[in-house]
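Treat the numbers as computed from the prediction; the structure is a model and nothing was measured.
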Amino acid sequence: LGYRECEGGWIQRFDQRFLADVRPWDMRPWLPGIRVPALVLRGANSTVMSPQGFDDMLSGLPSARGVLVPGASHQLHLERPGAVAAELSQFVKSL
């Protein structure tokens, strides 16, 4: 697993310096080809996915539902597991 428990929560196990060499790529051209229902979750405090990036994903995915999760940054499943589970459950039930 990529996380370990620490005082006050969870932390990633890998060396954060690794991310310095990661180059972003633009996936927007591929989004319209995804035809299956999709759920896009964004933490309201995320510094990884911008509000514009969230909007771009939703406008590019023909059958997506977007949810802004309050009180979370990028690690939604660790920061707000109950909210994430509820959204996933509701999404799956709607299929």
| What distance separates Leu78 CG from Glu5 CD, expressed to the nearest 0.5 Å? | 10.5 Å
| Value rounded to 0.5 Å, distance of CG in Leu41 from CZ in Phe54 | 7.5 Å
| query | Ignoring hydrogens and geometry, is there a side-chain-to-backbone donor-acceptor pair from Arg35 to Pro62 under 3.5 Å? | reply | no
| field | Val67 vs Val40 side-chain heavy atoms within contact, under 4.5 Å | value | no
| request: Using the rule that two of Ile, Leu, Val, Met, Phe, Trp, Tyr join whenever any of their side-chain heavy atoms come within less than 4.5 Å, decide whether Leu95 and Leu61 are in one cluster. | output: no
| task | Check the pair Met27 / Met57 against side chain to side chain contact (heavy atoms under 4.5 Å, CB included), numbers first and verdict last. | result | CA-CA 9 Å; Met27 64 182 177; Met57 284 192 77; 3.6 Å; yes
| query | Under 4.5 Å between side-chain heavy atoms, hopping through other hydrophobics if needed: is there a path connecting Val36 to Phe91? | reply | no
| Side-chain heavy-atom pair His74, Glu79 within 4.5 angstrom cut-off | no
| What distance separates Leu39 CG from Ser63 OG, expressed to the nearest 0.5 Å? | 11.5 Å
| request: Check Leu58 against Arg65 and note the closest heavy-atom contact, atom names and distance. | output: CD2-C, 3.9 Å
| request: Would you check if Arg80 and Pro70 make a side-chain contact, meaning some heavy-atom pair closer than 4.5 Å? | output: yes
| note | Minimal heavy-atom distance between Gly71 and Ala44, with the atoms involved, is N-CB, 4.4 Å
| message | With a 3.5 Å distance limit and no angle check, can you tell me whether Ser46 reaches the backbone of Arg42 through a side-chain donor-acceptor pair? | response | no
| said: Rounded at 0.5 Å granularity, tell me how far CG in Leu68 sits from CE in Met49. | reply: 10.5 Å
| Where the side chain of Ser73 meets the backbone of Asn45, is there a donor-acceptor pair that is under 3.5 Å apart? | no
